[in-house]
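Down below is the structure, laid out as C-alpha cells.
Side chains included, hydrogens not; waters and symmetry mates left out as well; all remaining heavy atoms used. Remember, predicted model here, so these are calculated numbers, not experimental data.
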Amino acid sequence: MFQSIAIVGATGAVGSLIRKMLQQREFPYEKIMFLASQRSAGTTLIFKGEKHTVELLCPEAFDDVDLAIGSTPDPVAGEFCPWAVERNCVVVDESGYWRMDPNVPLVVPEINPEAALNHQGIIASPNCSTTQMVLAMKPLHDAGRVRRVVVSTYQATSGAGVQGQEDLVAGSRAFLEGQDYKCQAFKHPIAFNLIPQIGSPKHAGYTSEEMKMVYETQKIFGDDSIKVCPTCVRVPVENCHSESILVETEKKITVAEARELFAATPGIKVIDNLAAGEYPMPANCSGDDAVFIGRIREDLSCDNGLAFWCVSDNLRKGAATNAVQIAELLVKSQAAV
Ligand SMILES: NC(=O)c1ccc[n+]([C@@H]2O[C@H](COP(=O)([O-])OP(=O)(O)OC[C@H]3O[C@@H](n4cnc5c(N)ncnc54)[C@H](OP(=O)(O)O)[C@@H]3O)[C@@H](O)[C@H]2O)c1
C-alpha cells in the first residue's frame, strides 16, 4: 500500500473522476492530498465526506508523497513529474507529455500490465481515443494479428476538459438564443457543428491527436509494423468518444468469431443487434468503465477486414479508470513482494 498519495490536477474533468474512482474502488492509502494551480489552490472539495483544501502544485508538495496520479496539461506534467520522481514518488500520468518517452511505460492494464512494473518513476496512461481502440484491437490482434487500422473518431467535448464541456453547453444555449459565443477550448463553434481537427498539425497532414493514435498503438502492442490511418473529429456530444474502426488482420476472423472474441475480453461489452436498433451510443455508454462494441460486420472492400463501431466514456476508461487501474497494479505488485 502507498502511505501517502496525491491527485495532481484534482479539480479538472479527469481529476474529478479520479477522485470518484478512488472512492468507488476503495483504493488503499493513509493520507491523500489534492493539488492544482494557483487558480484553485485554497478552494475546498469534499472527498469521502470530508473537506479538503486544494493545495498549490510545487516541488515540496511531493516531499512525503509515495504515489501521484496526474491529470494536468502536458507542460505542467513535464515540469511536475521530475519533482515527484526526485522525491521517490511514483507518478501515473494522464497527460501526453511522457507517453512516447522510451523510459516511460505506456500502459493499458488489460493489454500490457507487465510494462507498468518496469517503470523508472513515471508510468503514462494513453490518450483517450487510443485506449478504447487498442482494447478493441487486442482480441483481434491475439487471434489474427492486426496489420492495418483505419479509424475515424467522433470525440466528445469533455475530451477537452472542463472548458470543452462549457463550450458545448454555453455555446448551444447562445446559438439557440441567437447570441454570439466565443469558444475557449475550440478554434470553431462546436454547438450544431463538428470540427475535423483535434490538436495541431503534426505530420504529413495529420494532427497531433491523430499521430498519438499511430505511435501510442505501436508502443502499447510493441509492434511498429501495425499501420494506423486516423481521422479525429470533435463532435457536439458532451461525453463518450465514438469510433468507426476498420481492422485488417493477417488471418481472417469472421464476424461470428469476432463477436465471441470481443464478448470474452475483460473490459469489453458487445451491443450488436442492428435489426432491433441496438448498438452503443454515447447516451447509453456514459458513466460506464467498459469499451462498447457494435455494428460488427465484414469489410466489403478487402479479404481479411472487419468493421465495427466502438464507444467508450473518455473520462473513465479513456482516462481516470485506466490511471487508477495502473495504480492498482502497483499496489498489487507491492503486496506480492
Ligand atoms: N478529458 C479527457 O477525456 C482526457 C482523456 C485522457 C487524457 N486526458 C489528459 O488529462 C489531462 C487533464 O485533462 P482534463 O480534461 O481533466 O483537463 P481540465 O479539465 O482542463 O483540468 C486540468 C487540471 O489541471 C490543473 N492545472 C492546470 N494548469 C495547472 C498548473 N499550472 N499547475 C497545477 N495544476 C494545473 C487544473 O487546475 P485548476 O483548477 O487550478 O485550473 C485542473 O485541475 C490533459 O493532459 C489531457 O490531455 C484527458
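A distance of 14.0 Å separates CZ of Arg145 from CG of Leu140, quoted to the nearest 0.5 Å. Atom CZ of Phe47 sits about 14.0 Å away from atom CE of Met33, to the nearest 0.5 Å. Atom CD1 of Ile296 sits about 14.0 Å away from atom CH2 of Trp309, to the nearest 0.5 Å. If you take NE2 on His241 and SG on Cys128, they are separated by 3.5 Å, rounding to the nearest 0.5 Å. Taken from CG in Asp303 to CD in Glu298, the straight-line distance is 9.0 Å, to the nearest 0.5 Å. Atom-to-atom distance recorded for Thr321:OG1 and Ile326:CD1 is 11.0 Å, nearest 0.5 angstrom.
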Evaluate the criterion side-chain contact (heavy atoms from CB on, under 4.5 Å) for residue pair Ile5 and Leu22; output intermediate values, then yes/no.
CA-CA 11 Å; Ile5 67 174; Leu22 291 176; 4.2 Å; yes
Quick one: do Asp313 and Asp289 satisfy side-chain contact (heavy atoms from CB on, under 4.5 Å)? Show the steps, please.
CA-CA 7 Å; Asp313 187 327; Asp289 287 324; over 6 Å; no
Should Leu330 and Leu117 be marked as a side-chain contact (heavy atoms from CB on, under 4.5 Å) after you check the CA-CA gap, both sets of side-chain angles, and the distance that decides it?
CA-CA 7 Å; Leu330 300 177; Leu117 308 183; 4.2 Å; yes
Tell me, with the steps shown, if Leu274 and Arg295 meet side-chain contact (heavy atoms from CB on, under 4.5 Å).
CA-CA 7 Å; Leu274 181 60; Arg295 299 294 322 277; 3.6 Å; yes
Between Arg147 and Ser225, does a side chain to side chain donor-acceptor pair (under 3.5 Å) hold up when you go through it step by step?
CA-CA 7 Å; Arg147 299 289 72 224; Ser225 71; 3.1 Å; yes
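Within the 4.5 Å cutoff, side-chain heavy atoms of Asn112 are placed close to those of Glu114. Counting heavy atoms from C-beta outward, Glu210 and Thr153 have side chains that stay 4.5 Å or more apart. A heavy-atom distance below 4.5 Å is not found between the side chains of Lys227 and Glu248. At least one side-chain heavy atom of Leu306 sits under 4.5 Å from a side-chain heavy atom of Val255. Using a 4.5 Å cut-off on side-chain heavy atoms (C-beta onward), Leu315 and Gln165 make contact. Counting only heavy atoms from C-beta outward, the side chains of Gln155 and Cys232 approach each other to under 4.5 Å. Considering only heavy atoms from C-beta on, Leu194 stays 4.5 Å or farther from Tyr154 through its side chain. Between Glu243 and Met213, the closest side-chain pair of non-hydrogen atoms falls below 4.5 Å.
Between Thr11 and Ser16, the closest heavy-atom pair is O-OG, 3.8 Å. Among all heavy-atom pairs drawn from Ala327 and Ile69, the shortest one is CB-CD1, 4.1 Å. The heavy-atom pair separating Ser125 from Ala319 by the smallest distance is OG-O, 4.3 Å. Here the closest non-hydrogen pair linking Lys219 and Asp101 is NZ-O, 2.8 Å. Ile226 and Gln218 make their closest contact through O-NE2, 2.8 Å (heavy atoms, listed as atom of the first residue, atom of the second, distance). The minimum heavy-atom distance between Ile268 and Ala136, with the atom names listed, is CD1-CA, 4.0 Å.
Residues Leu35 and Val54 do not share a hydrophobic cluster, clusters being chains of Ile/Leu/Val/Met/Phe/Trp/Tyr side chains in contact below 4.5 Å. Hydrophobic cluster membership is shared by Val324 and Val107, with clusters built from Ile, Leu, Val, Met, Phe, Trp and Tyr side chains linked at under 4.5 angstrom. The same ILVMFWY cluster, assembled from side-chain heavy atoms under 4.5 Å apart, contains both Met133 and Ile293. The hydrophobic clustering, which links ILVMFWY residues whose side-chain heavy atoms are closer than 4.5 Å, places Val235 and Ile195 apart. Residues Val76 and Val14 are members of separate hydrophobic clusters, defined by side-chain heavy-atom contacts under 4.5 angstrom among Ile, Leu, Val, Met, Phe, Trp and Tyr.
The neighbour count for Arg173 CZ, taken as heavy atoms of other residues, nucleotides or ligands under 6.0 Å away, does not exceed 12. The number of heavy atoms from other shown groups lying within 6.0 Å of CG (Asn103) is above 12. Crowding of Lys48 atom NZ: a count of heavy atoms from other residues, nucleotides or ligands under 6.0 Å exceeding 12. When the shell of 6.0 Å around NZ of Lys252 is examined, it contains more than 12 heavy atoms from other residues, nucleotides or ligands. For Tyr97, the OH atom counts as loosely surrounded, since its 6.0 Å shell holds 12 or fewer non-hydrogen atoms of other residues, nucleotides or ligands. Counted within 6.0 Å of CD on Glu257, heavy atoms from surrounding residues, nucleotides or ligands total more than 12; the atom is thus considered enclosed. Other residues, nucleotides and ligands contribute at most 12 non-hydrogen atoms within 6.0 Å of the CD atom of Glu238.
Between the side chain of Gln197 and the main chain of Gly199, a donor-acceptor pair closer than 3.5 Å is present. At distances below 3.5 Å, not a single donor-acceptor pair connects side-chain atoms of Ser152 with backbone N or O atoms of Thr231. Remark: the backbone N or O of Gly294 is not paired with any side-chain donor or acceptor of Arg259 at under 3.5 angstrom. Using a distance-only test at 3.5 Å, with no hydrogens or angles considered, a donor-acceptor pair links the side chain of Asp167 to the main chain of Ala185.
Using a 4.0 Å cut-off between a side-chain N of Lys or Arg and a carboxylate O of Asp or Glu, Lys138 and Glu110 do not qualify as a salt bridge.
Taking the centre of each ring, Phe62 and Phe80 come in below the 6.0 Å mark.
Using modelled atom types, one finds a donor on one side chain and an acceptor on the other under 3.5 Å when comparing Glu216 with Thr130. A donor-acceptor contact closer than 3.5 angstrom is absent between the side chains of Thr131 and Asn322. Side-chain polar atoms of Asn314 and Ser158 form a donor-acceptor pair below 3.5 angstrom.
Identified under the side-chain hydrogen bond (donor to acceptor under 3.5 Å, both in side chains) test for residues 60-85, with sequence neighbours left out: Asp63-Arg87.
Relative ring orientation between His52 and Phe34 is described as perpendicular, the plane-to-plane angle rising above 60° on a 0-90° scale split at 30° and 60°.
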